[in-house]
Each structure stands twice: as structure tokens, then as C-alpha cells.
Amino acid sequence: MAEKQEKKVTPRSQDFAGWYNDVILRAELADYSPVRGCIVFRPDGFAIWEALRDELDRRIKRTGARNAYFPLFIPQSFIAKEAEHVEGFSPELAVVTHGGGKELEEPLIVRPTSETIINHMFAQWIHSHRDLPLMVNQWCNVVRWEMRTRMFLRTTEFLWQEGHTAHATQAEAEAETLLMLDVYRNFGEEILAIPLLWGRKSAAERFAGAVETYTVEGLMGDGRALQCGTSHFLGQNFARAFNIRYLDDNNELQFAWQTSWGVSTRLLGALVMVHGDDQGLRLPPRVAPIQAVIVPIWRKAEERDQVLGAARSCLAPLERAGIRAYLDAREGLTPGFKFNDWEMRGVPVRIEIGPRDVAAGSVIMARRDIASKEAKVTASIGDLPAATNRLLDEIQTNLLTQARAAMAAQTRSFDDYEALRRQMEGEGGGGLAEIHWCEDPVCETRIREETRATCRAIPLNQQGTRGPCIVCGREGGRAFFAKAY
RNA sequence: CGGGGCGUGGCGCAGCCUGGUAGCGCACACGCUUGGGGUGCGUGUGGUCGCCGGUUCAAAUCCGGCCGCCCCGACCA
């Protein structure tokens with residue numbers, strides 16, 4: 001019994017943070033590194049990132065942005081050029097003071113984000129309204145010296161995508177900001193199967209240097225919110241700081257209007273926390289490195305050859321049908337062990353094939369999104385690729401449906417401050433609280449200090465939804481508060 | 001940076017109080033066995049006991065200092 005326990009991960013309901021770490025380590029998504037706060041992305045974890053990245057990259061390019069790459073090192077003086085930006089990022093900068101054995105004349109900072117160096121270049125590339133809009137994106141690593149780190153959610157170094165655009169008009173830049181928010185939301189729901197709340201950030205939660213920050217927020221399995229992507233309307237703040245000016249069609253100099261937007265490897269943490277269960281990971285098929293695994297079952301040597309032969313003849317048609325399939329032909333491991341192993345790794349579909357199935361020309365299919373023993377079905381070998389594709393589609397849809405239901409179940413409206421406070425009491429999250437808020441930072445601070453919930457998003461669609469602020473009673477719009485990661 | 005905990009094979013721990021041969025489970029290697037939900041048995045590999053210094057005939061154990069990690073708070077995608 002005691003040995004049995006070691007094979008399982010910490011139950012999710014018992015200790016969410018312990019469960020989260022166990023799943024990531026056991027599913028081999030990531031490992032700790034010798035450098036504090038930094039993690040290693042193992043092949044299975046990185047493959048998810050690649051799948052996610054490739055799909056998002058296509059969607060970003062479809063909006064007209066093009067990929068580029070800017071340097072890792074930024075002159076220290078650049079950060080200081082935008083007042084709020086420097087204030088926001090100074091505490092968490094990694095600074096390089098020496099190079100080639102000599103102290104540098106001007107220290108270099110390791111980019112925490114690339115606004116400054118990209119805008120420095122934009123200033124040199126933009127002269128005329130004909131140069132606009134200018135839209136670039138880069139996939140890169142950034143470093144922020146965080147005080148407290150958690151795998152994927154907050155690490156000293158992380159990978160992300162950051163888009164930076166410059167436009168001739170405010171309206172155009174604002175439209176771009178909202179367009180990218182929409183890209184993120186659709187991407188999250190269609191590819192990651194994560195339902196997202198979207199809206200505006202409060203002033204306190206705004207990006208350092210932005211006029212307005214928009215966000216997509218996910219709700220994790222423990223009732224805490226996670227910021228899954230942001231899109232910033234920068235106004236002309238950076239244009240003024242970096243002197244990004246263009247001649248308009250009246251031959252007058254104008255500052256450009258700008259945006260920036262990004263998502264990070266934090267999304268891997270969201271995948272774990274939204275879909276995972278006590279059996280381990282549950283991956284949406286669209287990002288699963290292996291979508292279908294074939295587990296052969298045999299007793300005797302002659303069965304082994306026969307079963308493996310049949311299994312191999314199943315594999316090729318699956319691959320031809322565009323399915324990322326894998327045959328687990330490892331010897332010396334029982335089928336039961338393999339079932340649990342692949343469930344831990346979150347593979348959406350498992351195909352079991354043994355002597356009985358070979359004789360019948362069929363296989364057993366098990367799906368990871370539903371308690372598997374009950375959900376096993378038989379499929380004929382000839383129909384396997386089509387049946388697998390159908391099942392993968394179903395799983396993708398079902399994971400989103402399940403996550404939506406979980407989010408809805410943890411979303412409540414409050415008009416009584418005491419009730420809100422009770423809801424947020426205790427460890428773990430308290431779900432999403434929809435309240436009326438006057439947008440006065442004083443009320444926001446009080447909520448944060450007394451309930452530990454923060455403003456996650458202010459919905460963009462506000463018509464006919466005004467009411468008395470839950471704290472002060474003055475009239476305000478709707479806002480979502482939650483305890484967040 | 002404040003509060004708490006912990007450093008002993010790859011991982012999880014016991015041993016420390018009361019100094020004297022470094023031990024257990026898992027993992028790993030090999031063999032047999034088993035195989036439709038985490039097989040069982042046997043053999044074996046692997047440790048400067050976080051670091052530095054002190055006490056002692058003798059230190060994982062006692063004393064002093066340092067370092068690192070984890071959890072809880074203040075900052076954050």
C-alpha cells in the first residue's frame with residue numbers, strides 16, 4: 001500500500017501546488033535547473049510549446065505582423081527612457097557589468113521585454129506615414145529577476161512571443177490592440193481548450209508604460225485566475241520617449257501610435273492546471289506531442305510477434321492520416337504500467353491491441369478526457385485512422401466543454417462585500433467574482449488587502465450593467481476579481 | 001528582505017538526542033518470472049553524510065561560522 005502511494009502523484013484536491021509540481025516532473029515536461037528560478041524544458045514539455053507556438057505563429061502572421069529578432073542585451077540607459085517603464089522593471093533586471101574580462105563602459109541589461117530596443121530601431125525605420133503600420137513579432141527568451149518562482153508560471157527566464165506595432169492613428173493602434181486580444185482568446189479556446197475571460201486591466205494592473213492593458217484570464221483548477229496573455233495600447237508614450245515620428249500626408253511631423261502584445265510559456269502551466277487530474281496530464285489533441293499511443297499486449301513469444309506486427313500495420317495508416325501516433329513496443333513493462341504512464345503524460349487517445357483483437361481485426365480505444373476504464377470502445381482496424389480523428393476532435397471539444405463548465409461553476413456575482421470576503425477566505429482560490437466597482441484604486445486596494453483578490457478584468461461590453469460599487473456604493477461598471485497566480 | 005522548515009547514493013527518508021562498521025524504500029543494471037489497469041523473486045551498481053573550521057584516540061552525530069534549497073508574506077507574464 002505504501003509502495004502504491006509512491007506511484008501516484010499528490011492528489012489534486014489535497015494539495016494543488018504539490019500536485020502541480022508532481023505532474024510536471026512525472027510527465028517530464030520540465031525539471032529544475034542548477035540555476036535558481038530557472039527550469040529546463042524537457043522534450044515533452046518543449047514539444048507542447050512548439051505545437052502551440054507554431055499554431056499561434058500562423059495566426060499572428062495572418063494579422064500582418066512579421067517575425068524578427070532583436071538583441072538579448074539592451075543598453076541600460078534605454079530602460080530609463082520611459083518613466084513608468086523604468087519604474088516598473090528596475091527591480092527585476094539582470095545587469096551585465098563585465099564582458100571579455102573588462103568592466104563595461106555602460107552596463108547591459110538582459111531584456112525583461114524588448115519595448116526599448118525595438119522602439120529605438122523603429123525610430124530609425126519610420127519616417128513617413130507610408131512606413132506605417134510597422135508590425136513585428138519576435139519569439140525569444142526574457143529574464144525577470146523574480147523573488148518567488150514557480151515552474152512555468154513564474155520563472156527567472158521564460159520564453160515568449162512579443163509583438164510590437166506602430167500605427168499612424170490612435171484608432172488604428174487601438175483596433176490592433178483589440179484584434180490581438182481576440183487572436184489570443186480564440187487561440188486559447190480553439191487550441192488549448194482553455195476558456196478565457198477577457199477585458200481591460202485596472203490602472204494598478206496595467207503594463208509599465210501602457211495607456212491601456214487588455215488581458216485574457218483563465219481560471220485554474222483550484223479557483224485561482226491566471227493571466228494568459230496581454231495586449232497593450234501604448235499610446236504615444238514610447239514614441240515620445242524614443243522619438244518615433246513620421247510625416248503625415250499634410251507634411252506634418254506626428255508621433256506614432258503603438259501597441260505590444262505577448263503570451264509566454266506560462267501557458268504550459270495553464271494547460272496543466274486547467275485540464276490535469278489525479279492521473280496526470282490531459283492534453284488537448286491540438287497541442288499533444290503524441291495524439292495516439294498504441295499499446296501492444298501479449299503473453300507468449302509467438303503472440304508478441306503477431307501483436308507487434310498488427311500494431312505496426314496500425315501505425316502507418318494513422319501517420320498517413322496526419323495523426324501524431326506512437327507505438328509503445330517497450331519490453332518488460334506490463335500493459336497496466338504503460339496505461340498509467342501514458343495517462344500521466346496526457347496522451348489523448350490510447351489504442352490497445354492484443355491477441356484477441358488481432359483475431360477479431362479490431363482494437364480497443366480509450367480516451368484520456370473521460371475516466372478511461374468505462375470509456376473504452378472497440379474499433380475495427382480498417383477504420384482506425386478515421387475513428388481516431390473523430391475521437392481526437394471529440395476530446396478537443398470535450399476538454400473545452402469541461403473547462404467551461406468548471407469556470408462557470410466557479411464564477412459568481414456578488415453585491416455584498418462581506419459575502420465576497422467570505423468567498424475569498426482560506427487557502428487556494430475563490431473562483432471568479434463578478435462585482436460592481438467604481439474603478440477607484442482606493443476601493444481596489446481595500447479589496448486586495450482584505451480578500452487577496454485582485455482585479456483580473458473589466459469586461460469591455462458594459463451596457464446596462466452599472467450598479468453600486470461593492471466597496472463604496474458609488475456607481476460603477478462590472479469587473480471580475482479573483483485571487484491570481 | 002522578514003517568519004518557518006530542511007540539507008545523508010538519482011528521488012524520498014532513517015540514523016544525530018546518548019560520537020566508534022553509513023542503512024531502508026523507490027529508481028537504475030542483469031537474470032528468471034509476469035503481461036487485457038502501476039507483476040513477483042533473486043543478484044548487483046551507486047554515498048567526500050551541503051561547505052569550512054574546532055573539540056576528540058575517533059565526528060553524519062558535539063561546538064562555531066558560512067552556503068544552498070523549499071514553504072509562507074511584500075513585486076510580477
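Sequence lines set the chain letters: A, B, ... in the order given, protein chains first and strands last, and positions in each chain run from 1.
When only modelled atom types and interatomic distance are considered, A:R111 and A:T113 share no side-chain donor-acceptor pair under 3.5 Å. One side chain, A:S114 or A:E162, offers a donor N or O that lies under 3.5 Å from an acceptor on the other.
Comparing A:V363 and A:G229 along RNA chain B, the residue whose closest nucleotide (by nearest heavy atom) sits nearer the 5' end is A:V363.
Shown here, B:U61 forms no base pair; nothing in the strands shown gives a Watson-Crick or G-U wobble contact with both key distances under 3.5 Å. Remark: B:C76 base-pairs with no nucleotide in the shown strands. Criterion, Watson-Crick or G-U wobble with two distances under 3.5 Å. Remark: B:U45 base-pairs with no nucleotide in the shown strands. Criterion, Watson-Crick or G-U wobble with two distances under 3.5 Å. Across all strands shown, B:G38 has no partner, as no Watson-Crick or G-U wobble contact with both distances under 3.5 Å is found. In this structure, B:A22 forms no base pair with any nucleotide, since neither Watson-Crick nor G-U wobble geometry is met with both distances under 3.5 Å.
Here, B:G37 and B:U45 have their C1' atoms 32 Å apart, quoted to the whole Å.
Among the nucleotides B:U39, B:C75, B:G36, the one closest to the side chain of A:P335 is B:G36. The nucleotide whose nearest atom lies closest to any side-chain atom of A:E92 is, among B:C76, B:G38, B:A77, B:C76. Side-chain proximity of A:R154 to the nucleotides B:G35, B:U39, B:C76 is greatest for B:C76. Proximity note for A:F337 (side chain, C-beta onward) versus B:U39, B:G36, B:A77: the nearest is B:U39.
Between the P atom of B:C76 and the OH atom of A:Y485 lies a distance of 19 Å, rounded to the nearest Å. Note: CD (A:E28) to P (B:C11) measures 15 Å, nearest angstrom. Nucleotide B:A77 holds its P atom 12 Å from the NE2 atom of A:H85, rounded to whole Å. A:R452 has its CZ atom 12 Å from the P atom of B:C75, to the nearest Å. Rounded to an integer number of Å, the gap from CZ of A:R330 to P of B:G38 is 15 Å. Atom C1' of nucleotide B:G36 and atom NZ of A:K300 are separated by 14 Å, given to the nearest angstrom. B:U33 atom P lies 17 Å from atom CG of A:L333, rounded to whole Å. Look at CD on A:E331: it is 12 Å from P on B:G31, rounded to the nearest Å.
Using the six-membered ring where Trp is involved, A:W437 and A:F481 have ring planes that are perpendicular, over 60° apart on the 30 and 60° scheme. Under the 30°/60° scheme for interplanar angles, the aromatic rings of A:F242 and A:F238 are found to lie parallel.
Residue side chain A:R350 reaches the base of B:G37 through a donor-acceptor N/O pair under 3.5 Å, judged by distance alone. With hydrogens and angles ignored, a donor-acceptor pair under 3.5 angstrom links the side chain of A:D357 to the base of B:G36. The base of B:G36 is not paired with the side chain of A:K338 by any donor and acceptor separated by under 3.5 Å.
Contact annotation: A:R299 reaches the phosphate of B:G35 (side-chain N/O to OP1 or OP2, under 4.0 Å).
The side-chain heavy atoms of A:D357 and A:S362, taken from C-beta on, include a pair separated by under 4.5 Å.
Looking at heavy-atom distances under 4.0 Å, A:F207 makes no contact with the nucleic acid at all. As judged by a 4.0 angstrom heavy-atom cut-off over every strand, A:I364 is placed among the base-contacting residues. Heavy atoms of A:T215 sit nowhere under 4.0 angstrom from any nucleic acid atom. Heavy atoms of A:G354 sit under 4.0 angstrom from at least one base atom.
Each of A:F158, A:W160, A:W139 was compared with A:W49 under the ring pair (Phe, Tyr, Trp, His ring centres under 6.0 Å) criterion, and only A:W139 meets it.
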